[in-house]
Q: 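The structure under discussion is supplied below as structure tokens; questions concerning it will follow.
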Number of protein chains: 2
Amino acid sequence: MDTMTIGQLARSANVSVETVRYYERRRLLPEPPRSPSGYRKYPGDSLRRLRFIRRAQDVGFTLAEIEELLALRTGTASQCREAESTAARAIERVDERMAELSRMKTALASLLDSCRNRSPAGDCPIIEALEDAEAVDEEE
Amino acid sequence: MDTMTIGQLARSANVSVETVRYYERRRLLPEPPRSPSGYRKYPGDSLRRLRFIRRAQDVGFTLAEIEELLALRTGTASQCREAESTAARAIERVDERMAELSRMKTALASLLDSCRNRSPAGDCPIIEALEDAEAVDEEE
DNA sequence: ATAAACCCTGTACCATGGTACGGAGTCAAG
DNA sequence: CTTGACTCCGTACCATGGTACAGGGTTTAT
């Protein structure tokens, strides 16, 4: 038998048992057959699927997107288009988030900078800047 | 009377009434005095404080950090050190997150790239890559 | 005087990706 | 045969930063 229990599967993929069950609830993993006593018995390729999910998460797909990708795995050309556009959307999200972080970093760095160069006797420039700043307020 | 109702305050700071009450629960805003009928009556400087909170959020401080910053507003030099280190921590968080996003973007871009250059008859390279890739797996 | 617009409290809910717990049944080793 | 490790299910809970009721009371304008 090349079947595994949920614990073996979870350990192999480096996730918790709870996580495996959670993915099943989310329909990312199909319901596996059960033993007579009701234990889940996973066929070998469940591990491949579980790893697929984790890798996709690592590159920043959400679980909802992974669900889409999994639905496409039968593999015709038009389905590849869909995977492509899912990936493109993920890249856009990443870009937006990076731009936002970059703005934040600029604002923070200038706060910190003013702090390091401050006149030794004045009030804290970080707090002052947040109190009156328009300087920081170019968002949205 | 230079006091405002919660609605006036919220509108001035461009947040919702619920948000103001939420900040009060979180102790970011002090409990204001009440009118005889129990309405909150905010003194003018509540608006300054509320704007402080929003600006700090805009530059990426969490509400917990903002609580710290607010606690420091009395303003001695050593407290400035603390504000400085709060800001430095925030910058570190931003940097980490940017590096992570950058890794994600590289991985996604290579997936997308393989898709655009794929042999016209093969399976979807995105899905294949997620299925066998070690390429993607250099995280953590 | 009545309706609209405002305020009050308390509680539940949203998304996201899980984690924790209780109470029970099952399986393997000694 | 018993102990410990494993599994089952269902439900509640975590963080984060709020939002959305429900079911009242108040203020303001007409």
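Labels below follow one simple rule: chain letters A, B, ... track the order of the sequence lines, proteins then strands, and each chain is numbered from 1.
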Q: Classify the nucleic acid contact of A:Arg40 as base, sugar-phosphate or nothing, counting any heavy atom under 4.0 Å across all strands shown.
A: sugar-phosphate
Q: Nearest 0.5 angstrom please: A:Arg27 CZ to A:Leu70 CG, how far?
A: 13.0 Å
Q: Could you list the residues that satisfy side chain to side chain donor-acceptor pair (under 3.5 Å) with B:Ser12, not counting sequence neighbours?
A: none
Q: Using a 4.0 Å heavy-atom cut-off across all strands, classify A:Ser16 as base, sugar-phosphate, or nothing.
A: sugar-phosphate
Q: Please find the earliest and latest nucleotides of DNA chain C, in the 5' to 3' direction, that have an atom within less than 4.0 Å of any heavy atom of chain B.
A: C:dC6 to C:dT9
Q: B:Glu24: which residues meet the side chain to side chain donor-acceptor pair (under 3.5 Å) condition with it, sequence neighbours left out?
A: B:Arg40
Q: Assuming nearest nucleotide by heavy-atom distance, tell me which of A:Glu18 and A:Ser37 is located more 5' along DNA chain C.
A: A:Glu18
Q: Quick one: side chain to side chain donor-acceptor pair (under 3.5 Å) partners of B:Tyr23, sequence neighbours excluded?
A: B:Arg54, B:Gln57
Q: Quick one: B:Arg34 CZ to D:dG25 P, roughly how many Å, whole number?
A: 17 Å
Q: Using every non-hydrogen atom in the two residues, find where B:Val20 and B:Ala10 come nearest and quote the distance to one decimal.
A: CG2-CB, 4.0 Å
Q: With nearest nucleotide decided by heavy atoms, which residue, A:Pro36 or A:Arg21, maps closer to the 5′ end of DNA chain C?
A: A:Arg21
Q: Within this structure, what is the CG-to-P distance between A:Leu9 and D:dC8, rounded to whole angstrom?
A: 11 Å
Q: Are any protein N/O atoms closer than 3.5 Å to N/O atoms in nucleotides 4-6 of chain D? If there are, list each pair with its distance.
A:
| residue | atom | partner | partner atom | Å |
| --- | --- | --- | --- | --- |
| D:dC6 | O2 | A:Tyr39 | OH | 3.4 |

Q: Sequence neighbours excluded, which residues qualify as side chain to side chain donor-acceptor pair (under 3.5 Å) partners of B:Ser16?
A: B:Thr19
Q: Report the residue (B:Thr19 or A:Arg25) whose heavy-atom-nearest nucleotide on DNA chain D is the more 5′ of the two.
A: A:Arg25
